[in-house]
Amino acid sequence: MAEDKNLSKIQQPPEIVVLGPPAIFRTYSKEFSSKFRLLKPWESPLPLAEFLEAQAHSTRAALCSGVFSLSAAVLSNLPSLQLVVTTSAGLNHIDLVECRRRGIAVANAANIFSADVADLAVGLLLDVLRKISAGNRFVKNGFWPDLETYPLGLKLGGKKVGIVGLGSIGLELAKRLEPFGCEILYHSRNKKPFVPYLFYPDIFELAVASDILILCCALTEQTHHMINRRVLLALGKKGVIINIARGGVIDEKELVACLASGEIAGAGLDVFENEPCVASELFGFDNVVLSPHCAVFTEESFGDLYELVSGNLDAFFLNKPLVSLVEME
């Protein structure tokens, strides 16, 4: 009988708490359920803190969405936690200082999304320059027979594109824009010795030199509202800005003001300061293209992400090295 009990314990699937839940969880819930015992706070009537205190006191691993705020307060309700796996590449939603203090390992999406995010950035840029979404509305609303002419767009070829954050996404973006005949400039924390692009240590100077700014950087204390009124005015009346980073990198109120006064030519935004609530002033601009923070939403990337997340969790419970461990200095 004792052997049967021990065997039962061994065969129990490892337990994880799911926080968010991540979008990938809705797609791969059956696969996760077949491998792990899942704690789902959103299905409980209890407030999160009470649920975690009651159900997750001994839980060692958490699966966290990229928009769930994993604060020190939430972490305090998970006293046995040893691993956080987030489904985003960005980490601004996790209290890394507290994780470091407690020795909690963090694994992220690494470069899984880089190509898809770069694709959407180019799509947003072409849409703004060539007025594709505006043209779609023009035709569908029946304006074409009456107005006949349509406003001129802008050519992408030959433009100077300033990439803010030349990490894996920024490099994928540069690779896509060069065949269009764009000149690539960039701003990053450090100069990249392995790239031929012109480096600007000052974001204002990059804006002055660029026709287009594309934001690919992480949201940190240093990059919060990095794109302010001064930078937008430096970009100029023919300048276009694309944001596939985080909403808080741009001062959204100043962006709206510059668009309303014609100080910049247009914007393509996949991210916003107060998601999912978007400043309603942005809805009225034909030169602004919006998408619902969906740059990573492709079937292919979700499949790759499931394999990565599952691989990290498997490695943790088997005492093996994590697949995409975040190095915390």
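Summarising the local packing, CG of L152 is surrounded by 12 or fewer heavy atoms from other residues, nucleotides or ligands at distances under 6.0 Å. Within 6.0 Å of atom CZ in R102, more than 12 heavy atoms from other residues, nucleotides or ligands are found, so the atom counts as buried in its surroundings. For E53, the CD atom is loosely surrounded, since the number of other residues' heavy atoms within 6.0 Å does not exceed 12. Residue E299 qualifies as open at atom CD: its count of foreign heavy atoms under 6.0 Å is 12 or below. Counting non-hydrogen atoms of neighbouring residues, nucleotides and ligands closer than 6.0 angstrom, the CZ atom of R189 reaches no more than 12 such neighbours.
Scanning both residues, A245 and V271, for their nearest heavy atoms gives O-CG1, 3.7 Å. Taking every heavy atom of both residues into account, I244 and C216 meet most closely at CD1-SG, 3.8 Å. In this structure, R246 and N243 approach most closely via the heavy-atom pair O-ND2, 3.1 Å. Pairing each heavy atom of K191 with each of P193, the nearest pair is O-CD, 3.3 Å. Between M226 and V164, the shortest heavy-atom distance links the atoms SD-CG1, 3.8 Å. Scanning all heavy atoms of the two residues, the minimum distance from A61 to L313 falls at CB-CD2, 4.2 Å.
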Is there a side chain to side chain contact (heavy atoms under 4.5 Å, CB included) between H225 and E273? Walk through the geometry before answering. CA-CA 10 Å; H225 283 189; E273 279 210 75; 3.0 Å; yes
Walk me through it: do V161 and L185 pass the test side chain to side chain contact (heavy atoms under 4.5 Å, CB included)? CA-CA 6 Å; V161 180; L185 323 171; over 6 Å; no
Start with the C-alpha gap between V117 and L173, add the side-chain angles, then the distance that decides, and say whether side chain to side chain contact (heavy atoms under 4.5 Å, CB included) holds. CA-CA 8 Å; V117 175; L173 185 55; over 6 Å; no
Worked check of side chain to side chain contact (heavy atoms under 4.5 Å, CB included) between H293 and F272: CA-CA 8 Å; H293 202 155; F272 307 89; 5.9 Å; no
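K35 has no carboxylate O lying under 4.0 Å from a charged side-chain N of E31, or vice versa, which leaves the two without a salt bridge. Remark: D251 does not engage R229 in a salt bridge, criterion side-chain N to carboxylate O under 4.0 Å.
To the nearest 0.5 Å, atom CD of residue E50 and atom CD of residue Q55 are 11.5 Å apart. Taking CD of E221 as the reference point, atom OG1 of T223 lies at 9.5 Å (rounded to 0.5 Å). Going from atom CG of L38 over to atom CD of E43 covers 9.5 Å, rounded to the nearest 0.5 Å. From I227, atom CD1 reaches atom SG of C258 across 11.5 Å, with rounding to the nearest 0.5 Å. Separation of atoms CD1 (I214) and CD1 (I212) is listed at 6.5 Å; rounding is to 0.5 Å. Taking CD1 of I132 as the reference point, atom CZ of R137 lies at 11.5 Å (rounded to 0.5 Å).
Evaluated for a side chain to side chain contact (heavy atoms under 4.5 Å, CB included) with L213, the options V240, I242, I250, L206 yield exactly one hit, L206. D304 pairs in a side chain to side chain contact (heavy atoms under 4.5 Å, CB included) with only one of the listed residues (N111, I112, D116, V309), which is I112.
Hydrophobic clustering places F180 together with L120 (ILVMFWY residues linked when any side-chain heavy atoms are closer than 4.5 Å, directly or through intermediates). The same ILVMFWY cluster, assembled from side-chain heavy atoms under 4.5 Å apart, contains both L19 and L46. Hydrophobic clustering places I241 together with V278 (ILVMFWY residues linked when any side-chain heavy atoms are closer than 4.5 Å, directly or through intermediates). Linking Ile, Leu, Val, Met, Phe, Trp and Tyr whenever their side-chain heavy atoms come within less than 4.5 Å leaves I163 and V208 in two separate clusters. Both F297 and V122 sit in one connected hydrophobic cluster of ILVMFWY residues. Membership requires side-chain heavy atoms under 4.5 Å apart, directly or through other members.
Of the possible polar contacts, none joining the S210 side chain to the A207 backbone as a donor-acceptor pair under 3.5 Å is found. Not one N or O on the side chain of N312 forms a donor-acceptor pair closer than 3.5 Å with the backbone of A107. Checked by atom type and distance alone, the side chain of D211 pairs as donor or acceptor with a backbone atom of K160 at under 3.5 Å.
Aromatic pair F199/Y186: centroids less than 6.0 angstrom apart. Ring to ring, F302 and Y28 are not that close: their centroids are 6.0 angstrom or more apart. Taking the six-membered ring for Trp, W42 and F25 have ring centres closer than 6.0 Å.
Between L232 and N228, the closest side-chain pair of non-hydrogen atoms is not below 4.5 Å. Contact of the L156 side chain with the L125 side chain is registered, since non-hydrogen atoms from C-beta on lie closer than 4.5 Å. Here the side chains of T298 and S301 are in contact, with some heavy-atom distance below 4.5 Å. Counting heavy atoms from C-beta on, the side chains of L154 and R130 never come closer than 4.5 Å. Looking at heavy atoms from C-beta onward, I264 lies out of side-chain contact with K237 at the 4.5 angstrom threshold. Between P151 and K131 the shortest side-chain heavy-atom distance falls below 4.5 Å. Taking 4.5 Å as the limit, some side-chain heavy atom of L48 sits within range of a side-chain heavy atom of F68. Residues L124 and D127 have side chains not in contact (no heavy-atom distance under 4.5 Å, counting atoms from C-beta outward).
Remark: E183 engages no residue in a salt bridge (Lys or Arg N to Asp or Glu O under 4.0 Å) (not counting sequence neighbours).
E178 and Y197 share a donor-acceptor pair across their side chains, judged by distance under 3.5 Å alone.
Aromatic ring pairs are classed by plane angle as parallel below 30°, tilted from 30° to 60° and perpendicular above 60°; the pair Y306 and F32 is perpendicular.
Counting Ile, Leu, Val, Met, Phe, Trp and Tyr side chains that sit under 4.5 Å apart, directly or through other members, F138 shares a hydrophobic cluster with V139, F143, W144, L147, Y150.
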Result block: side-chain N/O donor-acceptor pairs under 3.5 angstrom for residues 70-91, not counting sequence neighbours:
from	atom 1	to	atom 2	distance (Å)
S71	OG	A73	N	3.4
S71	OG	V74	N	3.3
S76	OG	A73	O	2.5
N77	ND2	A73	O	3.2
S80	OG	H57	O	2.8
Q82	OE1	R60	NE	3.3
Q82	OE1	R60	NH2	3.3
T86	OG1	C64	O	3.4
T86	OG1	S88	N	3.4
T86	OG1	S88	OG	3.2
T86	OG1	H93	NE2	2.9
S88	OG	G90	O	2.7

